[in-house]
Amino acid sequence: MDSITLLQEAIKARAKAYIPYSRFGVGAALLDQDGQVHHGCNIENAAYSVTNCAERTALFSAMAQGHKRGTFKALAVVGDTELPITPCGACRQVIVELCEPDMKIILGNMKGDIRETTVRELLPGAFGPDELKQGQAPE
Ligand SMILES: O=c1ccn([C@H]2C[C@H](O)[C@@H](CO)O2)c(=O)[nH]1
Ligand SMILES: [Zn+2]
């Protein structure tokens, strides 16, 4: 599936956003290794900080369907921004956790601007699963 098609899926996902507070809809489309697309949208909350972004919704939805860390092929994200949307820090951390460093990230806006990047570029120097040493309790 090409980048434009995945971005079009992200636009479809954006229509499902639950955004009573910000009115700022975001859509995400996650391509898995079987060629299936998992939609994500932002889902806000009256307790604002509990809001889930579109990117995390797509990843968590796919994981809940049984897809595994590191098996995803691409993630497209779209919002009504001046420049292609740029994921928040929390989502970057979750993307690093669940996606390979060289996985493609396609960022877009509603005017058709597109920026392609990678997981590695989105969060350089990330603290990820490889940094955790198991079973070493502090002295
Ligand atoms: O990449 C982004 C940036 C923002 N939002 C959401 C969070 C909140 O609902 C609204 C405004 O920040 O947009 C996303 O879903 N993804
Ligand atoms: Zn986010």
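Residue numbers start at 1 and run along the sequence shown.
Taken together through direct or relayed side-chain contacts under 4.5 Å among Ile, Leu, Val, Met, Phe, Trp and Tyr, Ile114 and Met103 form parts of separate hydrophobic clusters. Residues Phe60 and Ile43 fall into different hydrophobic clusters, defined by Ile, Leu, Val, Met, Phe, Trp and Tyr side chains chained together at heavy-atom separations under 4.5 Å. Tracing side-chain contacts under 4.5 Å through hydrophobic residues (I, L, V, M, F, W, Y), one reaches Val94 starting from Phe72; they form part of the same cluster. No chain of hydrophobic side-chain contacts below 4.5 Å, direct or via other Ile, Leu, Val, Met, Phe, Trp or Tyr residues, connects Leu6 to Leu59. Hydrophobic clustering, with ILVMFWY side chains joined whenever heavy atoms are under 4.5 angstrom apart, groups Val96 together with Leu107.
Between Ala10 and Ala76, the closest heavy-atom pair is CB-O, 3.8 Å. The minimum heavy-atom distance between Gly25 and Ile19, with the atom names listed, is N-CD1, 3.5 Å. Here the closest heavy-atom approach between residue Arg56 and residue Cys91 is recorded as NE-SG, 3.2 Å. Between Pro124 and Leu122, the shortest heavy-atom contact is CD-C, 3.6 Å. When all heavy atoms of Ala28 and Ala54 are compared, the pair lying nearest together is CB-O, 3.5 Å. Taking all atoms of both residues into account, the shortest heavy-atom contact from Glu9 to His39 is OE1-NE2, 2.8 Å.
Ring geometry for Tyr48 against Tyr21 counts as tilted: the plane angle lies between 30° and 60°, on a 0 to 90° scale. Between His38 and His67, the ring planes are perpendicular. Angles over 60° get that label, and only those under 30° would be called parallel.
With contacts defined as side-chain heavy-atom distances shorter than 4.5 Å, the pair Arg14/Asp80 qualifies. Here the side chains of Gln65 and Gln36 are not in contact, with every heavy-atom distance at 4.5 Å or above. Counting only heavy atoms from C-beta outward, the side chains of Val78 and Gln8 never approach each other to under 4.5 Å.
Side chains of Arg92 and Thr86: a donor-acceptor N/O pair is present below 3.5 angstrom, by distance only.
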- Query: Do Phe127 and Leu132 pass the side chain to side chain contact (heavy atoms under 4.5 Å, CB included) test, and can you show the C-alpha distance, the side-chain angles, and the key distance before you say yes or no?
  - Reply: CA-CA 8 Å; Phe127 183 90; Leu132 263 190; 3.9 Å; yes
- Check step by step if side chain to side chain contact (heavy atoms under 4.5 Å, CB included) holds for Glu82 and Asp113. CA-CA 9 Å; Glu82 181 61 30; Asp113 298 322; over 6 Å; no
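Side-chain atoms of Asn42 come within 3.5 Å of backbone atoms of Phe24 as a donor-acceptor pair (strictly under, hydrogens ignored). The main-chain N or O of Ala90 is never found under 3.5 Å from a side-chain atom of Gln93 such that the two would form a donor-acceptor pair. A distance-only check finds a donor-acceptor pair linking the side chain of Asn109 to the backbone of Thr81 [under 3.5 Å]. When atom types are taken as modelled, the side chain of Glu55 and the backbone of Ile95 share no donor-acceptor pair closer than 3.5 angstrom. Judged by distance alone, the side chain of Lys104 and the main-chain N or O of Lys73 form no donor-acceptor pair under 3.5 Å. Proximity of a side-chain donor or acceptor of Thr117 to a complementary backbone N or O of Ile105 within less than 3.5 Å is not detected.
In Lys68, the NZ atom is not crowded: 12 or fewer heavy atoms of neighbouring residues, nucleotides or ligands sit closer than 6.0 Å.
A distance of 6.5 Å separates CD1 in Ile4 from CG in Asp2, rounded to the nearest 0.5 Å. To the nearest 0.5 Å, atoms CD (Glu97) and CE (Met63) are separated by 8.5 Å. One finds the OH atom of Tyr18 at 9.5 Å from the OG1 atom of Thr51 (value rounded to the nearest 0.5 Å). Atom CG of residue Leu31 and atom OG of residue Ser3 lie 10.0 Å apart, to the nearest 0.5 angstrom.
Just one residue in the list Leu75, Val37, Thr57 forms a side chain to side chain contact (heavy atoms under 4.5 Å, CB included) with Leu30, and that residue is Leu75.
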